[in-house]
Trainee: 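Quick one: the structure is below, and I'll ask about it shortly.
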There are 2 protein chains.
Amino acid sequence: MPGDAGATIKEIAQRANVSVATVSRVLNNSANVRPAVRDRVLAIVNEIGYEPDPIARSLRTQATFTVGFIIRDLVDTVFSTMAQGVDNVLRQQNYTLLLSTSSHDPERDAHQLATLRSRRVDGFILAISEESSPALIAEVRKTSKPIVLLDREMEGTATDAVLTDYLSGTRDAITYLKSLGHRRIGYIGGALTIRPGRERLRAFTLAMREAGLEPRESDTFVGSFLQDFGAESCARLLDQADPPTALLAAGNQIGVGVLQALRERGARVPDDLSLICLDDVDLFRHGNPPVTVISRPFERIGELAANRLLERIRNADQVEHQQIFVPTTLVIRESCQAVSA
Amino acid sequence: MPGDAGATIKEIAQRANVSVATVSRVLNNSANVRPAVRDRVLAIVNEIGYEPDPIARSLRTQATFTVGFIIRDLVDTVFSTMAQGVDNVLRQQNYTLLLSTSSHDPERDAHQLATLRSRRVDGFILAISEESSPALIAEVRKTSKPIVLLDREMEGTATDAVLTDYLSGTRDAITYLKSLGHRRIGYIGGALTIRPGRERLRAFTLAMREAGLEPRESDTFVGSFLQDFGAESCARLLDQADPPTALLAAGNQIGVGVLQALRERGARVPDDLSLICLDDVDLFRHGNPPVTVISRPFERIGELAANRLLERIRNADQVEHQQIFVPTTLVIRESCQAVSA
DNA sequence: CTGTTAGCGCATTCAA
DNA sequence: TTGAATGCGCTAACAG
């Protein structure tokens, strides 16, 4: 009897001897309903465990109480933890999360965005894989629903964003390394086609100069955020006749690759190379040695994005688009040491 | 003009000089429609980029092309990677994933299940945090939609399941340790209230006996899957006057806790303790030393579950409930060594 | 304060 | 092969 289909507003109305309109009113505790009637209806609702059909409701109201979230993948802890943050607030606010991954493919980003749009989600949180994909930008423009970008920037689109301030933590990292006597500091980072790639490099360069150090072109590698790139770049870095004494791996998978490369050639951290990684994940936190990292609160970032989105959904007439900045911090562990020479 | 709302079937009908019924027919390529008419309609559909409203469609058909997935959290790589697997197949089949976490709380499991049910998802994939929660069981029973359990068992519920065969890998692990000369092998595992807790312990015990070894009660710790429990148990294990020479950490977070405890007391792997962990995550794969693990294909498991669910959704009249078993394998790395004595 | 009515966009029965 | 009419379950005018 208590199958999925459930009772309808009509049955409640009959049982309570009122019209469906009245039932609807008490259900949406709107307008004026005589308390006696209200209670009577509510009693019946509870009795038969009535639940309004959100589909029918959505058809009428054009609101679905759902949020679409697109990320490149769920395997990377950084993204899945952000997703956890998003879910934390959505769940608490009775929104449902429609999650979908794009496999680092901007075409898929666009396609998933279209799909979620057709599903009439009330808003989007996007951590797309390519900021300047025309298909994607077109798709974003088609959407009239609010969008919050996660550490991304898209020119000419009306979006809010939660952005990481990489400079704060990077500056501390460079200062720290300098205090240990390091002068040559290498850098391995991802593609400049998304904000993290650009901004991390910019932060590094700026922090170096502020510290009176000039980053060398031969010590900085910019390519992809993937592990392989980290490994290759690290190998090339160390192949130099006179390699740097310290390295900033600007991406957690890059860091994994670096560790792998180091291990393969029997180089030891921090004895042979001082290492700082960006993004604090299990491997760095609990590794041997534990790796000093530039850290940011992934889960919190997801929560901020979700909160921002819900605010805008509820307050659609806002004009100003917000950018929320999240600072990074240096967490010192045991992967750096003073230069001996 | 190309807002979210979009055109309706009615507009198409007018433009094509046919009835809405006919448009609906070509859209669902059903029944008999004269080719000429069909082409005319399709042309207009393409021209104005019409997309049917899934909400309205769902209201009518009672199908939503959505799947609800409930897991305890997205932070643990094991779960988020399974979620990736689920998404892989759903996305490819034009289903949308409604994801929701329960924070290890069976009440929340039940609540989220109710929420997703009320959203009329076409089916569920569940990795709940407590198999015998009455609220949860009640909620599961209320559902007429198909359910696939992820490494869980619920008595008296009509569900399919994708189950891990822990014995295969565990047997190899014990055999391997025995071949290295180990006789005393410790075990740390999670609560017996969910299948992984029970089944891993059973596999361990069985494998030990098959190897002619008797697990000692003082060497086996069963409590929770969390890191803290792993750390505490490991400490207590090593506090023994004559501790075991090898340890099976039956859970990835437990393994993290073990590593942490080991590190804190300056114990080295594998010199002071041979270690095998269950579930292959970054920290073990790329740690120093890399940890020998019992491994299973997380992403594949998610895919299997999703495929199974879609099959059942499309073929609702199946009677037999399937259990799909996924084997585990031993991946030997560098965390075990032969006993010296 | 409450009931009647219309319609959200679509699929589907029944006639034609 | 096609069209007219009905209703999925609900909300929102509009009357009363």
Side-chain angles (χ1 to χ4, degrees), chain A residues 2-42 44-45 48-66 94 117-122 144-145, chain B residues 2-42 44-45 48-66 117-122 144:
Chain A
D4 282 318
T8 74
I9 211 177
K10 203 160 149 195
E11 297 175 41
I12 312 261
Q14 290 173 338
R15 294 227 211 181
N17 264 322
V18 294
S19 73
V20 291
T22 300
V23 177
S24 178
R25 284 188 190 103
V26 339
L27 255 27
N28 299 292
N29 42 8
S30 73
N32 305 329
V33 179
R34 190 151 43 95
V37 175
R38 154 180 235 82
D39 292 347
R40 183 150 41 96
V41 170
L42 250 25
I44 297 180
V45 164
I48 68 180
Y50 165 81
E51 291 177 37
D53 183 336
I55 309 276
R57 181 176 273 175
S58 293
L59 183 61
R60 198 51 237 261
T61 62
Q62 304 289 32
T64 56
F65 287 86
T66 58
N94 287 314
R117 192 162 55 83
S118 88
R119 287 208 179 269
R120 309 289 189 265
V121 297
D122 293 340
S144 62
K145 299 293 168 57
Chain B
D4 281 317
T8 74
I9 212 176
K10 202 160 147 196
E11 297 175 42
I12 311 262
Q14 289 172 340
R15 293 230 210 180
N17 264 322
V18 294
S19 72
V20 291
T22 300
V23 177
S24 179
R25 284 187 191 106
V26 340
L27 255 26
N28 299 292
N29 42 10
S30 71
N32 305 330
V33 180
R34 191 149 42 92
V37 176
R38 152 179 236 82
D39 292 347
R40 184 150 41 96
V41 170
L42 249 26
I44 297 181
V45 164
I48 67 180
Y50 166 80
E51 290 177 37
D53 183 336
I55 309 275
R57 181 175 273 178
S58 293
L59 183 61
R60 196 53 235 265
T61 61
Q62 304 289 32
T64 56
F65 287 86
T66 58
R117 193 162 55 83
S118 88
R119 287 208 179 267
R120 309 290 190 264
V121 297
D122 293 340
S144 62

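Numbers restart at 1 for each chain; the letters A, B, ... are given by sequence-line order, proteins then strands. We use all heavy atoms of the structure for the numbers below, so side chains are in, but hydrogens, waters and symmetry mates are not. Because the structure is a prediction, the values reported are computed rather than measured.
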Trainee: I need the CZ-P distance between A/Arg120 and D/dC10, as an integer number of Å.
Mentor: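 Interatomic distance, CZ of A/Arg120 to P of D/dC10: 20 Å.
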Trainee: Are the side chains of A/Val26 and A/Val18 in touch, meaning some heavy atoms are under 4.5 Å apart?
Mentor: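 SC-SC contact between A/Val26 and A/Val18 ruled out.
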Trainee: What nucleotide among C/dG3, C/dG9, D/dG3 has an atom nearest to a side-chain atom of A/Ala21?
Mentor: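 Nearest nucleotide to the side chain: C/dG3.
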Trainee: What's B/Val23 touching, base or sugar-phosphate or nothing? Going by heavy atoms closer than 4.0 Å.
Mentor: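 Touches nothing.
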Trainee: Rounding to a whole Å, what distance do you find between A/Ile9:CD1 and D/dC10:C1'?
Mentor: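 My rounded result for the distance is 6 Å.
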Trainee: Have a look at B/Arg60 and say if it touches a base, only the backbone sugar-phosphate, or nothing, with a 4.0 Å heavy-atom cut-off.
Mentor: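 Result for B/Arg60 = base.
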Trainee: For A/Val20 and A/Val37, take the nucleotide of DNA chain C holding the closest heavy atom to each; which residue's nucleotide lies nearer the 5' end?
Mentor: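 The residue mapped nearer the 5' terminus is A/Val37.
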Trainee: Mapping B/Ala56 and B/Pro35 to their closest nucleotides on DNA chain D, which lands nearer the 5' end?
Mentor: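 By nearest-heavy-atom nucleotide position, the 5'-most residue is B/Pro35.
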Trainee: Under the 3.5 angstrom rule, does the side chain of B/Arg119 hit a backbone N or O of B/Arg117 as a donor-acceptor pair?
Mentor: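 No, because the side chain of B/Arg119 does not come within donor-acceptor range (under 3.5 Å) of the backbone of B/Arg117.
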Trainee: Which heavy atom of B/Val20 sits nearest to which heavy atom of B/Lys10, and what is that distance?
Mentor: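 Minimum heavy-atom contact is CG1-CA, 3.8 Å.
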Trainee: Heavy atoms only, 4.0 Å cut-off, all strands: where does A/Ser24 land among base, sugar-phosphate and nothing?
Mentor: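 The answer is base, as A/Ser24 lies within the cut-off (heavy atoms under 4.0 Å) of a base atom.
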Trainee: Taking CG from A/Asn28 and P from D/dG9, how many angstroms apart are they, rounded to a whole number?
Mentor: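 Distance, rounded to whole Å: 17 Å.
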Trainee: Has A/Thr61 got a side-chain N or O lying under 4.0 Å from the OP1 or OP2 atom of D/dT11?
Mentor: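 For A/Thr61, the contact criterion (side-chain N or O under 4.0 Å from OP1 or OP2 of D/dT11) is not met.
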Trainee: Ignoring the backbone of B/Arg34, work out which of D/dT1, D/dG3, C/dG3 is nearest its side chain.
Mentor: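 The listed nucleotide nearest to B/Arg34's side chain is D/dT1.
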Trainee: Starting at CD1 of B/Ile48 and ending at P of C/dG9, how long is that distance when rounded to a whole Å?
Mentor: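 For the pair B/Ile48 CD1 and C/dG9 P, the rounded distance is 13 Å.
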Trainee: Nearest 0.5 angstrom please: A/Asp122 CG to A/Lys145 NZ, how far?
Mentor: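 Spacing of CG (A/Asp122) from NZ (A/Lys145) equals 5.5 Å.
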Trainee: Can you check the B/Gln62 CD to D/dC8 P distance for me, whole Å?
Mentor: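 Value for this atom pair: 10 Å.
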Trainee: In whole Å, what is the span from the CG atom of A/Asp53 to the C1' atom of C/dC10?
Mentor: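 The answer, rounded to whole Å, is 14 Å.
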Trainee: Could you tell me whether the phosphate oxygens of D/dG3, OP1 or OP2, come under 4.0 Å of any side-chain nitrogen or oxygen in B/Thr22?
Mentor: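 So the side chain of B/Thr22 is within the cut-off, an N or O lying under 4.0 Å from OP1 or OP2 of D/dG3.
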Trainee: Please check the phosphate of D/dG9 (OP1 and OP2 only) for any side-chain N or O of A/Thr8 closer than 4.0 Å.
Mentor: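 No.
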Trainee: Heavy-atom count check: over 12 atoms from other residues, nucleotides or ligands less than 6.0 Å from B/Arg40 CZ?
Mentor: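 Counting neighbours around CZ of B/Arg40, more than 12 heavy atoms of other residues, nucleotides or ligands fall under 6.0 Å, so yes.
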Trainee: Measure the distance from CZ on B/Arg57 to P on C/dC8 and round it to the nearest whole Å.
Mentor: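 After rounding, the gap between these two atoms is 18 Å.
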Trainee: Between C/dG3 and A/Arg25, counting only base atoms on the nucleotide and side-chain atoms on the residue, is there a donor-acceptor pair under 3.5 Å?
Mentor: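 Between C/dG3 and A/Arg25, which were checked side chain against base, a qualifying N/O pair under 3.5 Å is present.
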Trainee: Rounded off to whole Å, could you give me the CD-to-P distance for the B/Gln14 and D/dA4 pair?
Mentor: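 The distance from CD of B/Gln14 to P of D/dA4 comes to 12 Å, rounded to the nearest Å.
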